[in-house]
Amino acid sequence: MWTVWYCSRSTVCHYLWHECDGTRAVRRAEWLHALTESLRRSGDRGRTAEQLASEFEVSVRTIKRDLAALEASGLPLWSRPGPGGGYGLLRRGALPPVTLTDAQALSLLAAVAAAPDAPYSDLAASAVGKIMDVLDPSTRARVDQLASRVWVNPASSSSRVIRSACEQAMTEQRVLRIDYVAAGGASSRRDVEPIVFANTNGTWYLVGWCRLRDAVRWFSVSRIRRASVTRQPCAGHTVAQIGTPPPTATSVGIDRS
């Protein structure tokens, strides 16, 4: 694991266990956080690799390598070659520094870890990781310590490949072709137009318009044996066609009222 050292002038030194006057080692995440914040402060004008190297007293090669790592992790960077060029953060999609309490940050980690079968769970984990990356280092350290006191052992009941196909079909509103095994054991192939994901009594369902039955049907995701996204667009079936949900049911949208 890479390690960064602080030198006596409170700037970040090269992280290959470079010899410096300071003795306090900080994690690589803190170094990347400092690099990101420098780009954020530079605004639209950005910074050159040489300017960043001078600020942090590292080589230009190190700066370019770590900027590439940040971009690969999903940070929205722009770069311009040549004179007057440099690096900066795109306004769209950039996360500002996030202020969360330790408990709020831990609740995000726990919610994602405890629900591996939920739709878009992998993307949720990635998003939470990005939020954790922009926490200030001291909060992140406290959250990591607190997280070690929360354990989960969820049993995944469905294939990641199948969930991914269901998610893609829902997002792009395209017909999903599935091989399905009913509760009684009967197998069938269905073309389904996804309408909603629904969770009831701990089981996730894909609710959609079944072209075989010409009606709305509920398909337990754990009983889908194979799934592929076709090129056929959905016909525009709406949530209202499913019927009235029970009074205890709700969507996952954020209530801002």
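Hydrogens, waters and symmetry mates play no part in the numbers below; they use all other heavy atoms, side chains included.
Without hydrogens or angle criteria, Thr62 side chain to Val58 main chain gives no donor-acceptor distance under 3.5 Å. Side-chain N or O atoms of Ser148 include one that pairs as donor or acceptor with a backbone N or O of Gln145 at under 3.5 Å. Put simply, the side chain of Arg142 never gets that close to the backbone of Asp102: no donor and acceptor are under 3.5 Å apart.
With hydrophobic clusters built from ILVMFWY side chains whose heavy atoms lie under 4.5 angstrom apart, Val112 shares a cluster with Met132. The cluster map of Ile, Leu, Val, Met, Phe, Trp and Tyr, joined by side-chain heavy atoms under 4.5 Å apart, puts Phe219 and Tyr205 in different clusters. Tracing side-chain contacts under 4.5 Å through hydrophobic residues (I, L, V, M, F, W, Y), one never reaches Ile242 starting from Val175; they form parts of separate clusters. With hydrophobic clusters built from ILVMFWY side chains whose heavy atoms lie under 4.5 angstrom apart, Leu123 shares a cluster with Phe197.
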(request) Dump the intermediate steps for side-chain hydrogen bond (donor to acceptor under 3.5 Å, both in side chains) on Gln168 and Arg163, then the final yes or no. (result) CA-CA 9 Å; Gln168 181 184 352; Arg163 292 201 309 272; over 6 Å; no
(request) Start with the C-alpha distance between Glu172 and Arg231, add both sets of side-chain angles, then the distance that settles salt bridge (Lys or Arg N to Asp or Glu O under 4.0 Å), and finish with yes or no. (result) CA-CA 10 Å; Glu172 299 177 2; Arg231 296 183 178 181; over 6 Å; no
(request) In sequence, state the C-alpha distance, the side-chain angles, and the governing distance for Tyr180 and Ser220, and then conclude on side-chain hydrogen bond (donor to acceptor under 3.5 Å, both in side chains). (result) CA-CA 9 Å; Tyr180 189 71; Ser220 171; 5.0 Å; no
(message) Before you tell me yes or no, could you show the steps for Arg45 and Ser42 under side-chain hydrogen bond (donor to acceptor under 3.5 Å, both in side chains), namely the whole-Å CA-CA distance, both residues' side-chain angles and the distance that decides it to 0.1 Å?
(response) CA-CA 6 Å; Arg45 68 183 183 278; Ser42 71; 5.8 Å; no
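The minimum heavy-atom distance linking Cys234 with Pro194 is given by the pair SG-CD, 3.7 Å.
Residues satisfying the side chain to side chain contact (heavy atoms under 4.5 Å, CB included) test with Thr238, not counting sequence neighbours, are Ala240, Gln241.
Taking OG from Ser38 and NE2 from His33, the interatomic distance works out to 11.5 Å, rounded to the nearest 0.5 Å.
Surrounding CZ of Arg223 are more than 12 heavy atoms belonging to other residues, nucleotides or ligands, all under 6.0 Å away.
The existence of a salt bridge linking Arg160 and Glu167 is confirmed by a sub-4.0 Å separation between a basic side-chain nitrogen and an acidic carboxylate oxygen. In summary, Glu55 and Arg47 engage in a salt bridge, as defined by a charged side-chain N under 4.0 Å from a carboxylate O.
Judged by distance alone, the side chains of Arg211 and Gln232 do bring a donor and an acceptor atom under 3.5 Å apart.
Leu176 places none of its side-chain heavy atoms less than 4.5 Å from the side chain of Thr230.
Tested against Asp179, the residues Arg189, Arg190, Arg225 include a single side-chain hydrogen bond (donor to acceptor under 3.5 Å, both in side chains) partner, Arg189.
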